[in-house]
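Here's the structure we're looking at; comments come further down.
Naming convention: chains lettered A, B, ... in sequence-line order (proteins, then strands); numbering from 1 in each chain.
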Amino acid sequence: MNGNDITALGFRGKAIGLALDAARERAKTGVTNRDVLTELAHVQHHPESFTDDPDYAALARELLGQLAKVPDALRDRPLAYRQWGEDLIEEGARAQMDTAMRLPVSVAGALMPDAHFGYGLPIGGVLATDNAVIPYGVGVDIGCSMKLSVLPIEQLSREEEARLLRRNTRFGAGGSWERKVRPDHDVLDEDTWDEFPLLRQLRDKAAEQIGTSGSGNHFVEFGTLTIDRPDLGLEPGEYVALLSHSGSRGFGAQVAGHYTRVAQNLHPKLDPEARKLAWLDLDREEGEAYWTAMELAGRYALANHEVIHQRIAQTLKVTPLVTVSNSHNLAWKQRFSDGREVVVHRKGATPAAHGQLGIIPGSMADPGFVVRGRGNPAALESASHGAGRQMGRKQAERELDRAAVTRYLEERGVTLLGGGVDEAPQAYKRIEEVIARQADLVDVVAKFTPRVVRMDTGKEDI
DNA sequence: ATGTGC
């Protein structure tokens with residue numbers, strides 16, 4: 001019996017020493033170590049039953065004291081937060097943000113103009129917490145991100161662009177590269193994968209899926225980048241560019257699912273309204289492990305993009321003139337305006353620190369924008385991550401017809417490979433309005449106009 | 001978002 005056995009049971013602070021003392025007393029009376037551990041587990045789960053126990057009373061009282069100090073009760077009222085583009089944000093997203101701002105661990109928050117209803121924290125929600133990380137504050141697709149490469153080539157034909165996309169990308173839930181042509185990346189060789197069993201188990205899946213895009217709103221597309229003033233090391237003009245949206249695939253999804261369950265189990269008394277926002281303390285083993293896995297998923301997702309862009313650039317025998325990338329589903333440790341370090345969750349929000357570059361896409365047939373952050377502290381240095389849905393997937397499938405989507409694509413000269421009605425441009429807010437609502441969060445650097453777009457095949461093909 | 005569930 002030692003301190004490790006005790007902490008493995010989940011005792012914290014003064015309870016560790018008291019549990020050790022009690023364990024020694026019990027051992028003296030001839031109880032086996034194994035039975036002592038069982039008894040300790042009982043005390044931990046039902047401290048109220050041991051307050052008069054000759055050996056465990058001190059421990060039980062300490063545990064009850066700790067419980068009283070760590071209440072999961074929600075605040076009566078949400079902390080105040082600002083919304084950018086309030087007129088574009090649905091009530092459901094505000095209600096979810098209100099719940100998040102009632103969590104005892106919340107410090108500050110903001111809603112971006114693309115905000116809409118999500119799972120737990122709304123998409124387009126930014127939430128700062130104190131020493132706690134919320135798996136569903138990051139989202140299921142941990143590390144979901146954007147990458148743009150500006151290519152030193154003349155305009156290609158649509159057919160050529162379509163061929164490059166078909167040959168060098170793979171889409172769909174469960175999708176992976178065929179074994180013979182499976183790409184590799186340094187991220188798969190990191191020691192981090194050996195840090196604990198869950199990561200070890202997921203490494204093979206991650207290796208199978210590197211360099212792939214998922215389903216839903218993920219895409220890889222060719223288009224034109226238009227720059228009006230010298231920037232990004234480029235002269236004003238029009239450039240051929242490649243833009244991708246992808247995430248951490250099955251690996252990240254499994255990490256998210258696992259730690260959401262862990263967080264919910266650690267907060268059984270949490271108000272059902274906030275159940276999906278269950279958090280992990282960063283100074284406890286579970287929180288540390290999630291943070292490690294989350295950061296790995298973030299690097300893995302960016303590696304995914306790198307592989308996709310590299311394949312296409314190599315086929316074209318070119319090196320990109322410039323690349324821009326950013327994660328928009330992740331948590332970061334960040335200095336808050338009062339000087340303390342907080343955990344900033346961005347669930348569908350672009351980091352926009354002063355001078356930081358990011359990409360805000362529109363839709364399959366609407367422009368996207370390269371932006372530069374203005375470091376606005378009220379938005380916790382964030383911006384929108386896209387246009388944001390104005391219709392849910394089911395609503396889009398119900399209300400939009402394929403002909404209207406096809407016409408929209410034709411009018412804008414966009415060729416679509418795959419794609420579904422649920423991702424129709426009409427299901428999204430107008431990107432121009434969304435960009436206009438965040439002029440104090442980001443400056444527009446360049447505009448990307450899509451031309452040939454590849455996505456997963458939706459439920460209903462276009 | 002994910003190839004599948006408290």
Check nucleotides 1-4 of chain B for protein N or O atoms closer than 3.5 Å to its own N or O atoms and list the pairs.
from	atom 1	to	atom 2	distance (Å)
B:dA1	OP1	A:Asn217	N	2.8
B:dA1	OP1	A:Asn217	OD1	3.2
B:dA1	OP1	A:Arg393	NH2	2.3
B:dA1	OP2	A:Asn217	OD1	3.0
B:dA1	OP2	A:Asn217	ND2	3.1
B:dT2	OP1	A:Arg249	NH1	2.6
B:dT2	OP2	A:Ser215	N	2.7
B:dT2	OP2	A:Ser215	OG	2.5
B:dG3	OP1	A:Lys205	NZ	3.1
B:dG3	OP2	A:Gly174	N	2.7
B:dG3	OP2	A:Gln209	NE2	3.4
B:dG3	N7	A:Ala173	O	2.2
B:dG3	N7	A:Gly174	N	3.4

* Give a yes/no verdict on a cation-pi contact between A:Arg412 and A:Tyr408, requiring under 6.0 Å between NZ or CZ and the six-membered ring centre and an angle within 45° of the axis. => yes
* Least distance between heavy atoms, A:Ile123 atom then A:Phe117 atom -> CG1-O, 4.0 Å
* Hey, can you tell me if A:His328 and A:His385 have their rings parallel, tilted or perpendicular (30° and 60° cut-offs)? => perpendicular
* To do: Over all heavy atoms of both residues, which pair between A:His185 and A:Val307 is shortest? Give the atoms and the distance, please.
  => CD2-CG2, 4.0 Å
* Asked: Taking the inter-plane angle between the rings of A:His245 and A:His218 on a 0 to 90° scale, is it parallel (under 30°), tilted (30 to 60°) or perpendicular (over 60°)?
  -> perpendicular
